[in-house]
Amino acid sequence: MPDREWPQESELVVCTVETVKDFVAFVSLDEYNGRQGLIPISEIATGWIKYIRDHIREGQKIVCKVLNVDRDRGHIDLSLKDVNEHQRREKIREWKNESKAKKWIGFAAEKAGEPAAAIEQVIYDKYGEFYPVFEDLVLESEATVKKLGLSKNAGEALVHIAHENLKIPKVEVTGQLEMMSAQPDGVSVIKSALKKAHDSKSAGAEIEILYLGAPHYRVKVTAPDYKKAEKALEKAAHAAIAVLEKAGGEGKLIKKPKSGKSQ
């Protein structure tokens, strides 16, 4: 795995507690091949500490903040008290996702008959981490495989593994398009505008257009998050309205309240 050799100062790292003494705890850094670090008692918790073992114990998984890295002496000083609960949860979630993604790469490599280390290196060079590539492989399979530049076998294996193991949560936004054209070929113009809206491309977004009764058309966009969905909805509406206005017609988008949907 193309890990960095040393953590950076202020970085959050996942650690396993190895030894707890009266005034210090020694840990191994899970993301850095078990490199050793220490937490002085003053960095275990806020306030006065009577017994260090009331706060930390051997075998425990913890998240620490890197205070100092001395490569010459091989020392890494850490703080447990400087990590709040939100940071801890987010770091553990990220670490678990990366661990899963590495396993998935191993499955894909075996399926493709190629070295896992070589595929890991390509992904790491492009993304700097592993899990996000699987999200992209689900949302935009062809473009992501092309971006990675891997062999056909490796690309197909990664896409298969991604779709088999990862389900991207979806949200849904809707809006109404009011489209009017007084031209003799107005019906054709509106059809062209709707096609333009439907064909507008936005990463990870799906667009569905339903006829409600002239001049109203419902546009439904499904995407991984509200920001992407709203952007795709506006892009589709602008594409349709541009066609109408060019032909002497007019249109406008009326947004509807957001609604969530998980898949």
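Residue Leu210 is not grouped with residue Met180 when hydrophobic side chains (ILVMFWY) are merged at heavy-atom distances under 4.5 angstrom, including chains of intermediate members. Put simply, Val27 and Ile41 are part of the same group of oily side chains (I, L, V, M, F, W, Y) that touch within less than 4.5 Å, one to the next. Placement of Val14 and Tyr32 in two distinct hydrophobic clusters is found when ILVMFWY residues are connected by side-chain heavy-atom separations under 4.5 Å, directly or transitively. Residues Tyr127 and Ile161 fall within the same hydrophobic cluster, defined by Ile, Leu, Val, Met, Phe, Trp and Tyr side chains chained together at heavy-atom separations under 4.5 Å. Cluster membership for Ile56 and Leu78, using ILVMFWY side-chain heavy atoms within less than 4.5 angstrom, is shared.
For the pair Ile119 and Leu158, the minimum side-chain heavy-atom distance is below 4.5 Å. The shortest distance between side-chain heavy atoms of Glu18 and Glu58 does not fall below 4.5 Å. Counting heavy atoms from C-beta on, the side chains of Leu150 and Val145 never come closer than 4.5 Å.
Among all heavy-atom pairs drawn from Trp95 and Lys61, the shortest one is CH2-CE, 3.9 Å. Closest approach of Ala116 and Ala109 over heavy atoms only: CA-CB, 3.6 Å. Among all heavy-atom pairs drawn from Ile39 and Leu80, the shortest one is CG2-N, 4.1 Å. Of all heavy-atom pairs spanning Lys91 and Val13, the tightest one is CE-CA, 4.1 Å. Looking at every heavy atom in both residues, Asn153 comes nearest to Glu114 through CB-OE2, 4.3 Å. In terms of heavy atoms, Pro7 sits closest to Val69 at O-CG2, 3.5 Å.
Residues forming a side chain to side chain contact (heavy atoms under 4.5 Å, CB included) with Val187 (at least two apart in sequence, or on another chain): Lys191. Gln87 is linked by a side chain to side chain contact (heavy atoms under 4.5 Å, CB included) to Leu12, Val83, Asn84, counting only residues two or more places apart in sequence or in another chain.
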Working note: Lys21 + Phe23, criterion side-chain contact (heavy atoms from CB on, under 4.5 Å); need CA distance, chi angles, decisive distance, verdict.
CA-CA 6 Å; Lys21 303 288 188 180; Phe23 300 102; over 6 Å; no
Test side-chain contact (heavy atoms from CB on, under 4.5 Å) on Asp54 and Ile49 and set out the steps.
CA-CA 8 Å; Asp54 290 341; Ile49 298 175; over 6 Å; no
Checking side-chain contact (heavy atoms from CB on, under 4.5 Å) for the pair Ile52/Asp22: CA distance, chi angles, key distance, verdict?
CA-CA 6 Å; Ile52 192 171; Asp22 289 339; 5.7 Å; no
Decide side-chain contact (heavy atoms from CB on, under 4.5 Å) for Lys65 and Glu11; before the verdict, give the C-alpha distance in whole Å, the side-chain angles of both, and the deciding distance to 0.1 Å.
CA-CA 6 Å; Lys65 180 179 180 180; Glu11 180 181 345; over 6 Å; no
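Using a distance-only test at 3.5 Å, with no hydrogens or angles considered, no donor-acceptor pair links the side chain of Glu172 to the main chain of Lys220. Panel note: side chain Asp70, backbone Arg73; a donor-acceptor pair is recorded below 3.5 Å. Using modelled atom types, no side-chain atom of Glu43 and backbone atom of Lys81 make a donor-acceptor pair closer than 3.5 Å. In this structure, the side chain of Arg35 does not engage the main chain of Trp6 through any donor-acceptor pair within 3.5 Å. The closest donor-acceptor contact from the side chain of Glu98 to the backbone of Phe130 lies under 3.5 Å. In this structure a side-chain-to-backbone donor-acceptor pair under 3.5 Å is missing from Glu90 to Arg88.
Taking the six-membered ring where tryptophan is involved, the planes of Trp104 and Phe134 are perpendicular, since the angle between them exceeds 60° and thus also 30°.
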Solution key, residues 237-254 side-chain donor-acceptor pairs under 3.5 Å, sequence neighbours excluded:
from, atom 1, to, atom 2, distance (Å)
His238, ND1, Glu234, O, 3.3

